[in-house]
K.L.:
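This is the structure, below, for whatever I ask next.
Because only heavy atoms are used, hydrogens play no part in the values below, and waters and symmetry mates are left out as well, while side chains stay in.
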Amino acid sequence: LHDAAGRAEDLRLLRVGREVAARTGLRLAPGRPLAAQLRAADRAWLDACEEAARSGEARRFALRCGPEGRAFDALAAPAGEPGCLLLRLR
């Protein structure tokens, strides 16, 4: 999802692995914008995902999100069609 200037505003989840909630404690729902679900403190995660989508190269970044501000090591990597990403949280 992009603004009028073409800058990423949010991501929409197409699929969520069954183990995501068990491993991360996050309840992520497909079809909904990701920013509201993550409640991240800043947009650095979105910038990293946008760069991975544009460059076609995976990006690692730190992500602090959720109601408790839990920290994750994250990876955004191109997957399938242009603009689609795999987002892995550990």
K.L.:
Can you see which heavy atom on Arg43 is nearest to which on Ala8, and at what distance?
P.N.:
NH2-O, 3.0 Å

K.L.:
Side-chain atoms of residues 77-90: list all donor-acceptor pairs with protein atoms under 3.5 Å, sequence neighbours left out, distances to 0.1 Å.
P.N.:
none

K.L.:
May I have all residue pairs that pass salt bridge (charged side-chain N to carboxylate O under 4.0 Å, His left out) and include part of residues 66-77, sequence neighbours excluded?
P.N.:
Arg60-Asp73

K.L.:
Name each donor-acceptor pair under 3.5 Å that joins a side chain in residues 31-38 to protein atoms two or more places apart or in another chain, with its distance.
P.N.:
unit_1	atom_1	unit_2	atom_2	d
Gln37	OE1	Ala29	N	2.5
Gln37	NE2	Ala29	O	3.3
Gln37	NE2	Arg32	O	3.2
Gln37	NE2	Pro33	O	3.2

K.L.:
To the nearest 0.5 Å, tell me how far Cys49 SG sits from Asp10 CG.
P.N.:
10.0 Å

K.L.:
Looking at Arg59 and Glu57, does any basic side-chain N land under 4.0 Å from a carboxylate oxygen?
P.N.:
yes

K.L.:
Roughly how far, to the nearest 0.5 Å, is CD of Glu50 from CD of Glu9?
P.N.:
10.5 Å

K.L.:
Treating Ile, Leu, Val, Met, Phe, Trp and Tyr as nodes and any side-chain heavy-atom pair under 4.5 angstrom as an edge, say whether Val16 and Leu75 lie in one connected cluster.
P.N.:
no

K.L.:
Going hydrophobic residue to hydrophobic residue with side-chain gaps under 4.5 angstrom, can you get from Phe61 over to Val20?
P.N.:
yes

K.L.:
Which pair of non-hydrogen atoms, one from Pro30 and one from Leu14, has the smallest distance, and what is that distance?
P.N.:
CB-O, 3.7 Å

K.L.:
Does Arg64 reach the main-chain N or O of Gly69 with its side chain, forming a donor-acceptor pair under 3.5 Å?
P.N.:
yes

